[in-house]
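Each ligand, and each atom within it, is numbered from 1 in the order the structure gives.
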Amino acid sequence: MRHLMSPLDFSTGELDRLFSLAEDIEQHPEKYAHACEGKKLATCFYEPSTRTRLSFEAAMLNLGGKVLGFSDANSSSAAKGESVSDTIRVISCFADICAMRHPKEGAPMVAASLSSIPVINAGDGGHQHPTQTLTDLLTIRAIKGRLDNFTIGLCGDLKFGRTVHSLINALVRYENINFVFISPDELTIPEYIIETLRERNIPFREIRKLEEVMPELDILYMTRVQKERFFNEEDYVRLKDYYILNKEKMQLAKDDMIVLHPLPRVNEISVEVDDDPRAVYFRQVQYGVYVRMALLLTLLEIEVA
Ligand code: CP
């Protein structure tokens, strides 16, 4: 039995197979419409979510399976003091696979260690968000046609943004990726990630001004400032609008540069950018459904001929 805690749980070869499966699902959805008949997915979300929870649910429904779960810790017995360890043992009696989001880093890992069904980390604190990374990689592969040889700028809250940490973790395994980290001083990338890049001799730069680097980028990964991880409101208010991607800044970019965002967006991308063909963040959401369908089939060990 396999769980998914980090994008590194899959080798690059396994990721290639997962993405090819996701692309086949996109092209031939009818082939997969009954693949998970009789299977149940539990979504245990101790933190708010729109995309991750609903795309997991859509993925299982598209595969002919069923879903159950909770979307708020306060509507579960966590509110009465039940531990994640006990909850997963209970969920294992109800479902065949579980997607779990939790504000505490490592909580899905604790659940996986006691679970008799596969557990998928659907985001743990500021740590990892592996299925968002699978979504990001599939989007890049589908639109750019490759997962190597590019310059990627990651912009915004690089300190607390778990999608950023997961994506860098995954990209370091591909050839010739040049990272540019664009953030205010208070929200720079964690030191442990910088150390990984140094150890592997992977080129990176840390800068403050987005305009400075726009013409060089093949991919711009925008993120929101993570309000829920701040200790005081004052700091959040000061930093929340530090970067706003608008039409003017987009004019500095290459014609084939793409803008990704894990969403939700707050103010960091002006809505006027949405109509730019290089803004692919809503297509990215659709790829999230295909890749989660592929992931459910893979972890449930279901093959479709
Ligand atoms: N990208 C992402 O994790 O979105 P949600 O918080 O809405 O699930």
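Between Met109 atom CE and Ser115 atom OG the span is 13.5 Å, to the nearest 0.5 Å.
Between the side chain of Asp124 and the backbone N or O of His127, no donor-acceptor pair lies under 3.5 Å.
No side-chain donor from either of Thr43 and Arg53 sits under 3.5 Å from a side-chain acceptor of the other. Side-chain N/O atoms of His129 and Arg101 include a donor and acceptor closer than 3.5 Å.
Shown here are the ring pair (Phe, Tyr, Trp, His ring centres under 6.0 Å) partners of Phe45, two or more places apart in sequence or in another chain: there are none.
Centroid-to-centroid, the aromatic rings of Phe150 and Tyr174 stay 6.0 Å apart or farther.
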For ligand 1, list every N/O pair with the protein closer than 3.5 Å, one pair per line with the distance.
unit_1, atom_1, unit_2, atom_2, d
ligand 1, 1 (N), Gln132, OE1, 3.0
ligand 1, 1 (N), Pro262, O, 2.8
ligand 1, 1 (N), Leu263, O, 2.9
ligand 1, 3 (O), Thr52, OG1, 3.0
ligand 1, 3 (O), Arg101, NH2, 2.9
ligand 1, 3 (O), His129, NE2, 2.8
ligand 1, 4 (O), Arg51, NE, 3.0
ligand 1, 4 (O), Leu263, O, 3.4
ligand 1, 6 (O), Arg101, NH1, 2.9
ligand 1, 7 (O), Thr50, N, 2.8
ligand 1, 7 (O), Arg51, N, 3.0
ligand 1, 7 (O), Arg51, NE, 3.3
ligand 1, 7 (O), Arg51, NH2, 2.9
ligand 1, 8 (O), Ser49, OG, 2.6
ligand 1, 8 (O), Thr52, N, 2.9
ligand 1, 8 (O), Thr52, OG1, 2.6
ligand 1, 8 (O), Arg101, NH1, 3.4
ligand 1, 8 (O), Arg101, NH2, 3.3

